[in-house]
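Beneath this line is the structure, given in C-alpha cells, with notes to follow.
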2 protein chains.
Amino acid sequence: MLSKTCEYGIRATIFIALQSMLGMRTSLKYIAEEIDSPEAFTAKILQKLVRVKIIESSKGMNGGFNMSMDRIKSTTLSEIVYAIDGLDISNRCVLGLSQCSSINPCSVHHKFKPVREDLIALLTKTTVEEMAIGIKEKLAILR
Amino acid sequence: MLSKTCEYGIRATIFIALQSMLGMRTSLKYIAEEIDSPEAFTAKILQKLVRVKIIESSKGMNGGFNMSMDRIKSTTLSEIVYAIDGLDISNRCVLGLSQCSSINPCSVHHKFKPVREDLIALLTKTTVEEMAIGIKEKLAILR
DNA sequence: TTATATTCGGACTCATATGTCCTATTTTTC
DNA sequence: GAAAAATAGGACATATGAGTCCGAATATAA
Ligand code: FES
Ligand code: FES
C-alpha cells in the first residue's frame, strides 16, 4: 500500500509536529527512537521532506527538525504520500494495466473506483495537526 | 497495492477462465500474449496457482491450463490475492506498526478501517466468473 | 518409437527498495 | 578559534521483488 519509506516519513512528521506544537525542535536520534525506525534511513527520508518544505531543519548544536504551525495545520497525509511514493496510489490500475481509465477499464475498475476515492479522500482530508493531536491525547500510538 | 506477480496472476486466471468457459485449454504462450506479461515469469505464477488448485494444468501436446466450472464460479479475487501476496492487504497497519489493532491504533487506523473493509469486501465478493464474463461482454479488458 | 509440444522446477540474473557508513558542513558553546 | 553537536549527502551493502534460462518430465501424434 505505502512504501516503508513513506510509513516512516509519516510517523516522523507526526512526531516532529507534536514536538513543534510544544515549542520544541527534535533531533534525528530522538525521532528514530520514538517512531522505532532505523536512524540513518530516517535521516534520508527527512532530508526529502525538508526539500519539499513539509518540515524544516537546522544544523549544529540544538539543531534538529521542526514544523511551522502553518504547515502542521495545512499539510495533509496526501502531500507526504505524494512526495515520497508519487501518484501511483491514486492512479495505478489495480490489475496493472498501463492506464487506469473508465473508458477502457480492467475487470475490477468499476468496483474499485469508489474504494480508491474513499482512500484518496482519507489522505487529502487528514491533516498532520489532527494526527499529532491524536498522539498527544493518547488516542493513537507511533510505535 | 498488489504485487506485479499478483496482477499477472489475476489477469491470467481471468483469461484461463474465459477460455475454459468456451471449452478450451490455453497454453502459457497464448496467455502471456493475451495478458501482455513476460512468459517465463507468468509460468512461475501459474505453477503456484496450480499448486493451490485454483487452476489445473496438463503437460504435453495440447496441454495447457484450464479451470473447472466449479472453480470459476466459486473462486474469488481474495483467494488469488491471499495465495500470492498473503494476508498483508487485510492485516497490515497503514503506517507500518507491527500490529494493526483497534486497542493500540495508529494515527489513521480509525479512518482507514472502513476503507479497508470495503476493499476486503470487494475482494471476497468478486468472483472469477463475474470478471471473465466482463471480458467476454467486452465491458473490460485484460491488457 | 521417435519427434514434438507442452508444463515443471531449480538456478540464475537484474532491478528496486531498504538500510548503513563515512565524511563534509553548519551552528553553538566555551 | 577550537571543540562538540547536529544535519547533508554521497557511496556503499543487503534484501526482496521481478524476470530469465535451461534441462527434466510428460503427453500426444505420426
Ligand atoms: S483500469 Fe484497472 S483500476 Fe482502473
Ligand atoms: S493500527 Fe495502523 S491501520 Fe490499524
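Below, chain A is the first sequence line, B the second, and so on; all start at residue 1. Small disclaimer: the values here were computed from a predicted structure and weren't measured.
- The side chain of B:Gln47 contributes no N or O atom lying less than 4.0 Å from OP1 or OP2 of C:dC8.
- B:Tyr8 pairs by the ring pair (Phe, Tyr, Trp, His ring centres under 6.0 Å) definition with B:Phe41, not counting sequence neighbours.
- Side-chain atoms of B:Lys4 and base atoms of D:dG17 include no donor and acceptor less than 3.5 Å apart.
- Considering only heavy atoms from C-beta on, B:Thr75 stays 4.5 Å or farther from B:Thr127 through its side chain.
- A:Arg25 places no side-chain N or O within donor-acceptor distance of the main-chain N or O of A:Ser20, the cut-off being under 3.5 Å.
- The nearest whole Å value for the distance from the NZ atom in B:Lys48 to the P atom in D:dA18 is 11 Å.
- At D:dA18, one or more side-chain N or O atoms of B:Thr5 fall inside 4.0 Å of OP1 or OP2 (strictly under the cut-off).
- Computed from coordinates, the B:Arg51 CZ to C:dG9 P distance equals 6 Å when rounded to whole Å.
- The CG atom of A:Asp85 sits 15 Å away from the P atom of C:dT16 (whole-angstrom rounding).
- One interatomic measurement links the two molecules: OH of B:Tyr8 to P of D:dA18, which rounds to 9 Å at whole-angstrom precision.
- Nearest-nucleotide positions on DNA chain C for A:Cys6 and A:Ser58 put A:Cys6 closer to the 5' end.
- For the pair B:Ala40 and A:Gly63, nearest-nucleotide mapping onto DNA chain D gives the more 5' position to A:Gly63.
- For B:Asn62 and D:dA29, the shortest distance from a side-chain N or O to OP1 or OP2 is below 4.0 Å.
- In this structure, B:Arg143 contributes its side chain and B:Glu33 its backbone to a donor-acceptor pair below 3.5 Å.
- Of the candidates D:dA8, C:dT6, C:dC8, the closest approach to any side-chain atom of B:Val50 belongs to C:dC8.
- B:Glu34 contributes no side-chain N or O that, together with a main-chain N or O of B:Ile31, makes up a donor-acceptor pair within less than 3.5 Å.
- When rounded to the nearest whole Å, the span between CG of A:Leu46 and C1' of D:dA6 equals 13 Å.
- The interatomic distance linking B:Arg11 (CZ) with D:dA18 (C1') rounds to 14 Å, in whole Å.
- We find that CD of A:Glu33 is positioned 12 Å from P of D:dA6, with the value rounded to whole Å.
- Taking side-chain N and O atoms only, A:Ser57 has no distance below 4.0 Å to OP1 or OP2 of D:dA6.
- At whole-Å resolution of the value, CZ in A:Phe41 and C1' in D:dA15 are 12 Å apart.
- Of the residues near DNA chain C, B:Gly60 and A:Lys59, the one whose nearest nucleotide (by heavy atom distance) lies more toward the 5' end is B:Gly60.
- Residue A:Lys44 is in base contact, counting any heavy-atom pair closer than 4.0 Å across all strands shown.
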